[in-house]
Q: 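Following this message is one structure expressed as structure tokens.
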Amino acid sequence: VFGKDINLILVLSNLSSDRKSVRVDMSASTILYTRRAVAEILKAATSVELGPKQGKHIRVKIPYTHYGKYLTTDKRIQVTALCEVMRTHGLKLLVEKTIILEDTNIIIKLPRRVVVNKAVSLEISYANPLPEPVSRCVLLVTLMNQQVKINLARLAPRERSKIYFEFTPRRAGPLQLQVDFSCDKFSHVKGFVTIAVAPA
């Protein structure tokens, strides 16, 4: 989840009946959705001895403080592990994983029934998932082809807050509400719901 430390486990297994020495070079970078690297956030190397038919786990931790300021709006991190089996004329294995960090920031609560031409109030809750305060918070609400910009107070670390948004639907049928939350430390955290508007 965005704002938290990332914990990974690399599993190495020796399927042979011989003892193996493996060198593991690990790296991680923030990337764009095109897979283009933005910034390297982790570089580590270790060696592992594996007995016959033995498996071992290598734990890797990427703290938020290492990746936070380099993350793009795509919220993607590419992790690679180059595993080289020693004394085997350069036998190598490359393991890659792309991590897409989830947002759990926006929660939209609707009343049970929404009826045409009757005012309705929605609860929109938003959060700062980071271990540091954020300011210049803005909520952009898009509904019925109109956008409303709402300036919000700063949020303390891990703080959740909420606002109430009132509108009157003018026609029956499905209506899409989109919310976009931005601040000085991150931007474009989105949430949306489809509202079923009943006839009067």
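Side chains included, hydrogens not; waters and symmetry mates left out as well; all remaining heavy atoms used. Throughout, numbering of the chain's residues begins at 1 and tracks the sequence. If you're wondering where the values come from, they're calculated on a predicted model, not measured in any experiment.
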Q: Can you confirm whether R35 is buried at CZ, in the sense that more than 12 heavy atoms of other residues, nucleotides or ligands lie under 6.0 Å from that atom?
A: no
Q: To the nearest 0.5 angstrom, please state how far the CG atom of N128 sits from the SG atom of C137.
A: 7.5 Å
Q: What I'd like to find out is whether the side chain of V79 reaches to under 4.5 Å of the side chain of V60, using heavy atoms alone.
A: no
Q: So which heavy atom on V138 is nearest to which on L152, and how close?
A: C-CD1, 4.3 Å
Q: Can you tell me how far the CD1 atom of I124 sits from the CD1 atom of I150, to the nearest 0.5 Å?
A: 6.0 Å
Q: For the CD atom on E96, are there more than 12 heavy atoms of other groups (residues, nucleotides or ligands in this structure) within a distance under 6.0 Å?
A: yes
Q: For Y70, is there any backbone N or O sitting under 3.5 Å from a side-chain donor or acceptor partner on T30?
A: yes
Q: Please check if the side chain of D180 supplies one atom and the backbone of K190 the other of a donor-acceptor pair under 3.5 Å.
A: no
Q: Can you check whether L15's main-chain N or O pairs, donor with acceptor, with K53's side chain at less than 3.5 Å?
A: yes
Q: Where do V189 and K75 come nearest, in terms of heavy atoms and distance?
A: CG2-NZ, 4.2 Å
Q: Taking atom CG of L130 and atom OG1 of T65, what is their separation to the nearest 0.5 Å?
A: 11.5 Å
Q: Tell me yes or no: between the side chains of Y126 and E159, is some donor less than 3.5 Å from an acceptor?
A: no
Q: Any sub-3.5 Å donor-acceptor pair from S17's side-chain atoms to P52's backbone N or O?
A: no
Q: Of all heavy-atom pairs between A127 and L155, which one has the smallest distance, and what is that distance?
A: C-CD1, 4.0 Å
Q: Find the distance between CZ (R154) and CG (D184) and round it off to the nearest 0.5 Å.
A: 8.5 Å
Q: Is there a side-chain contact between I99 and L101 in this structure, where contact means two heavy atoms from C-beta onward sitting under 4.5 Å apart?
A: yes
Q: Assigning hydrophobic clusters by single linkage (Ile, Leu, Val, Met, Phe, Trp, Tyr; side-chain heavy-atom cutoff under 4.5 Å), is V179 placed with V193?
A: yes
Q: Would you check if V116 and R170 make a side-chain contact, meaning some heavy-atom pair closer than 4.5 Å?
A: no
Q: May I ask you to check whether over 12 heavy atoms, not counting those of K162, lie within 6.0 Å of atom NZ?
A: no
Q: With distance as the sole test, does D25 use its side chain to make a donor-acceptor pair with the main-chain N or O of A45 at under 3.5 Å?
A: no
Q: Answer yes if the side chains of S21 and E49 hold a donor-acceptor pair under 3.5 Å, and no otherwise.
A: yes
Q: For residues V120 and F167, determine if any side-chain heavy atom of one lies less than 4.5 Å from a side-chain heavy atom of the other.
A: yes
Q: Report the distance from atom CD of E123 to atom CD1 of I163, rounding to the nearest 0.5 Å.
A: 10.0 Å
Q: Taking side chain as C-beta onward, heavy atoms only, is R76 less than 4.5 Å from Y33?
A: yes
Q: Are I77 and I41 packed together at the side-chain level, in the sense that at least one heavy-atom pair is separated by less than 4.5 angstrom?
A: yes
Q: If I compare all heavy atoms of I106 with all of G191, which pair ends up nearest, and what's the gap?
A: CG2-CA, 3.9 Å
Q: Is there side-chain contact between L110 and I195, with heavy atoms separated by less than 4.5 Å?
A: yes
Q: Keeping N7 on the side-chain end and K61 on the backbone end, is there a donor-acceptor pair under 3.5 Å?
A: no
Q: Report the distance from atom OG of S27 to atom NZ of K43, rounding to the nearest 0.5 Å.
A: 5.5 Å
Q: If you measure only the distance, is there a donor-acceptor pair under 3.5 Å linking the side chains of S16 and N14?
A: yes
Q: Between the side chains of Q78 and T98, does any donor sit under 3.5 Å from an acceptor?
A: yes
Q: Does a side-chain heavy-atom distance below 4.5 Å link T80 with V95?
A: no
Q: Which heavy-atom pair separates K118 from P169 by the least distance, and what is that distance?
A: O-CD, 3.4 Å
Q: Might you point out which heavy atoms bring S13 and L50 nearest each other, and give the distance in Å?
A: C-CD1, 4.4 Å
